[in-house]
Amino acid sequence: MVNKGKGKGGKNRRRGKHENYSQKRELLLREEDQEYAQITKMLGNGRVEASCFDGEKRIAHIRGKLRKKVWMQLGDIILVALREFQDHQCDVVHKYNSDEARTLVSMGELPEGAKINQTGTFDMDEDEDANFEFGAESADEEEAELDIDDI
């Protein structure tokens with residue numbers, strides 16, 4: 001039996017090769033009906049939750065061209081194509097590596113507060129403190145309100 005040229009091997013042949021890793025690729029900028037976003041949650045089934053830099057949270061669908069070829073992680077900067085008929089959904093068009101994302105920030109395309117390759121979202125600042133308020137101001141006021149003898 002002769003193998004009739006069905007390819008050059010299976011998926012293990014492609015593993016471990018970084019064909020596009022060392023090549024410098026052209027920086028893809030935002031066009032009309034596209035927006036920059038950051039991945040906030042991996043949903044599965046080729047979908048991610050993305051916080052777009054216009055302030056909206058959208059469910060982004062990874063296109064078939066990128067699926068299983070370009071791996072997405074939490075905190076990655078992506079370019080999404082907005083849908084005219086569904087405002088809360090979009091399609092992932094391109095994934096930026098960390099160097100490209102830093103270039104976008106320096107060009108002014110992304111806001112200065114964008115966290116590159118971090119799991120946090122772009123709208124949280126590190127110096128913000130969480131303020132908690134509880135019912136009673138001090139322990140003396142709480143004792144005055146609750147007396148064991150009254151029970």
Side-chain angles (χ1 to χ4, degrees), residues 6-143 145-146:
K6 292 185 178 181
K8 295 189 170 66
K11 67 179 180 181
N12 290 335
R13 179 181 175 272
R14 291 188 302 266
R15 271 196 192 150
K17 287 188 177 181
H18 297 289
E19 294 172 357
N20 297 331
Y21 188 70
S22 63
Q23 294 177 352
K24 189 137 179 133
R25 57 185 182 181
E26 185 179 337
L27 189 62
L28 203 65
L29 295 178
R30 178 175 70 114
E31 296 175 4
E32 190 176 338
D33 294 333
Q34 290 183 343
E35 188 63 45
Y36 299 111
Q38 186 170 25
I39 297 176
T40 56
K41 191 176 190 181
M42 303 298 290
L43 298 176
N45 199 24
R47 294 175 303 143
V48 295
E49 183 180 275
S51 291
C52 296
F53 288 104
D54 62 355
E56 292 276 330
K57 270 198 175 194
R58 295 183 173 96
I59 294 177
H61 181 266
I62 302 172
R63 348 180 340 191
K65 183 179 178 182
L66 302 177
R67 194 183 275 191
K68 291 195 176 180
K69 292 180 179 69
V70 179
W71 292 104
M72 313 260 174
Q73 292 179 339
L74 208 64
D76 283 343
I77 305 292
I78 55 175
L79 180 66
V80 295
L82 303 177
R83 296 182 179 178
E84 294 177 6
F85 51 94
Q86 291 174 322
D87 190 44
H88 63 281
Q89 288 190 348
C90 56
D91 299 301
V92 178
V93 176
H94 184 73
K95 177 194 161 199
Y96 295 104
N97 60 27
S98 57
D99 293 333
E100 291 171 336
R102 284 189 201 94
T103 306
L104 287 173
V105 170
S106 66
M107 290 171 60
E109 291 283 327
L110 296 179
E112 292 291 328
K115 294 184 179 181
I116 299 167
N117 279 357
Q118 295 180 9
T119 56
T121 57
F122 62 90
D123 53 357
M124 292 293 290
D125 293 332
E126 288 126 12
D127 56 345
E128 286 184 11
D129 293 329
N131 294 327
F132 294 102
E133 293 183 17
F134 296 101
E137 292 290 324
S138 66
D140 296 333
E141 290 180 14
E142 190 172 321
E143 288 178 15
E145 293 175 12
L146 295 174

Colleague: Arg102 pairs by side chain to side chain contact (heavy atoms under 4.5 Å, CB included) with which of Leu104, Asp99, Val105?
Modeller: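 Only one of Leu104, Asp99, Val105 forms a side chain to side chain contact (heavy atoms under 4.5 Å, CB included) with Arg102, namely Asp99.
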Colleague: Please list, chain by chain and in numerical order, all residues satisfying side chain to side chain donor-acceptor pair (under 3.5 Å) with Glu109, sequence neighbours excluded.
Modeller: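 With neighbours one apart ignored, the set is Tyr36.
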Colleague: When you compare the side chains of Gln38 and Ser51, does any donor N or O come within less than 3.5 Å of an acceptor on the partner?
Modeller: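 Side-chain D/A pair, Gln38 to Ser51: absent.
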Colleague: Show the nearest heavy-atom pair for residues Met42 and Gln73, with the distance to one decimal.
Modeller: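 What the structure gives for the nearest pair is SD-C, 4.3 Å.
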Colleague: List for me each residue that meets salt bridge (Lys or Arg N to Asp or Glu O under 4.0 Å) alongside Asp33, sequence neighbours excluded, and say none if there are none.
Modeller: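 So Asp33 forms no salt bridge (Lys or Arg N to Asp or Glu O under 4.0 Å) with any residue.
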Colleague: Check Leu74 against Thr40 and note the closest heavy-atom contact, atom names and distance.
Modeller: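 Taking Leu74 first and Thr40 second, the nearest heavy atoms are CD1-O, 3.1 Å.
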Colleague: Quick one: pull up CG in Asp91 and CD1 in Ile59 and give me the separation to the nearest 0.5 Å.
Modeller: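 If we round to the nearest 0.5 Å, Asp91:CG and Ile59:CD1 are 12.0 Å apart.
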Colleague: Where do Ala50 and Ile78 come nearest, in terms of heavy atoms and distance?
Modeller: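 Where Ala50 meets Ile78 most closely, the heavy atoms are CB-CD1, 4.2 Å.
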Colleague: Would you mind reporting whether Thr103 and Tyr96 have side-chain heavy atoms less than 4.5 Å apart?
Modeller: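 Heavy-atom side-chain distance check fails, nothing below 4.5 Å.
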Colleague: Show me the donor-acceptor pairs within less than 3.5 Å that the side chains of residues 60-72 make with the rest of the protein, sequence neighbours left out.
Modeller:
none

Colleague: Measure across Ala101 and Leu110 and return the closest heavy-atom pair with its distance rounded to 0.1 Å.
Modeller: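 The pair with the smallest heavy-atom distance is O-CD1, 3.9 Å.
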Colleague: For Gln34 versus Leu29, what's the shortest heavy-atom pair and its separation?
Modeller: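 Smallest interatomic distance, heavy atoms only, reads OE1-O, 4.0 Å.
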Colleague: Can you find a heavy atom in the side chain of Gln89 that is under 4.5 Å from one in the side chain of Arg47?
Modeller: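 Side-chain contact under 4.5 Å: no.
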Colleague: Provide the closest heavy-atom pair for Cys90 versus Arg58 in the form atom of the first, atom of the second, distance.
Modeller: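 So the minimum-distance heavy-atom pair works out to SG-CB, 3.9 Å.
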Colleague: Do Val48 and Ile39 make a side-chain contact, defined as non-hydrogen atoms from C-beta onward lying under 4.5 Å apart?
Modeller: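 They are in contact (side-chain heavy atoms under 4.5 Å apart), so the answer is yes.
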Colleague: Any donor-acceptor pair under 3.5 Å linking the side chain of Glu100 with the backbone of Asn97?
Modeller: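 Between the backbone of Asn97 and the side chain of Glu100 there is a qualifying donor-acceptor contact (under 3.5 Å).
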Colleague: Any donor and acceptor pair, going by atom type alone, linking the side chain of Asp54 with main-chain N or O of Glu56 inside 3.5 Å?
Modeller: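 Checked: pair present.
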